[in-house]
Amino acid sequence: MGYNTACKVKMLYKVLIFQGVIMSIDENLRIVRLIDVYGSVLTEKQFSIISNYYFDNLTYAEIGENMGISRQAISDSINQSIKTMNSLEEKLGIISRTDAWVNELTTFSKGLDKDKTEQLLQIIEKYRR
């Protein structure tokens, strides 16, 4: 791919992200974390739809066909599920408190000797998942 083509692709990607057509990787990861933490509060149908989309990489059309519902219903379900999980995170703060805890331990580990730092980082990584 030539320089001009690469520039055009990058520009198009930025425009699509800006317009909300493509979600950023950070936004996808944030939603996956919400599903991991709060997915159990969704209805079985909501969880199935959002899991098919984010974990199985199915399109709205594929999910709709499999479940016998419209693409609009899929979109509405995913948006409502995300709204519900965001609301729970705002109230409970499980993800933000976990991130703060991990960051604090990571900072603390910098003052330890190499062996203790490695042990602590392994523990942090174990709970980060």
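The analysis underlying the following values was restricted to heavy atoms, covering all of them including side chains, and did not include hydrogens, waters or symmetry mates.
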*asked:* Given 3.5 Å as the limit, does a donor-acceptor pair link the side chain of E89 with the main chain of I95, or not?
replied: yes
*asked:* Any side-chain to backbone donor/acceptor pair from S51 onto S48? Under 3.5 Å, distance only.
replied: no
*Please confirm whether the backbone N or O of E62 pairs with a side-chain atom of E65, one donor and one acceptor, at under 3.5 Å?*
no
*Verify, without hydrogens or angle tests, whether S87 (side chain) and K83 (backbone) share a donor-acceptor contact under 3.5 angstrom.*
no
*asked:* I'd like to know whether N66 forms a side chain to side chain contact (heavy atoms under 4.5 Å, CB included) with L58, so could you lay out the CA-CA distance, the side-chain angles of the two residues, the decisive distance to 0.1 Å, and finally the verdict.
replied: CA-CA 10 Å; N66 293 343; L58 297 180; 3.9 Å; yes
*Of all heavy-atom pairs between I35 and F55, which one has the smallest distance, and what is that distance?*
CG2-CE1, 3.5 Å
*Would you check if I49 and I69 make a side-chain contact, meaning some heavy-atom pair closer than 4.5 Å?*
yes
*Under the side chain to side chain contact (heavy atoms under 4.5 Å, CB included) criterion, do I50 and Q46 qualify, and how do the steps go?*
CA-CA 6 Å; I50 204 163; Q46 285 175 316; 6.0 Å; no
*Ignoring hydrogens and geometry, is there a side-chain-to-backbone donor-acceptor pair from T107 to N103 under 3.5 Å?*
yes
*Are N28 and R33 close enough that some pair of their side-chain heavy atoms sits under 4.5 Å apart?*
no
*Begin from the C-alpha positions of V37 and T98 and carry the test side chain to side chain contact (heavy atoms under 4.5 Å, CB included) through to its verdict.*
CA-CA 11 Å; V37 174; T98 301; over 6 Å; no
*asked:* If I take atom OH from residue Y60 and atom OG from residue S70, how far apart are they, to the nearest 0.5 angstrom?
replied: 11.5 Å
*Verify side chain to side chain contact (heavy atoms under 4.5 Å, CB included) between I78 and Y54, making sure each step is shown before the conclusion.*
CA-CA 10 Å; I78 289 172; Y54 282 98; 4.2 Å; yes
*asked:* Looking at R71, is its backbone amide N or carbonyl O close enough to the side chain of S75 to form a donor-acceptor pair, meaning the two atoms are under 3.5 Å apart?
replied: no
_Residue pair R30 / N86, side-chain donor-acceptor N/O under 3.5 Å_ = yes
*Does any N or O in the side chain of S77 come within less than 3.5 Å of the main-chain N or O of A73, such that one atom is a donor and the other an acceptor?*
no
*What distance separates L42 CG from T84 OG1, expressed to the nearest 0.5 Å?*
6.5 Å
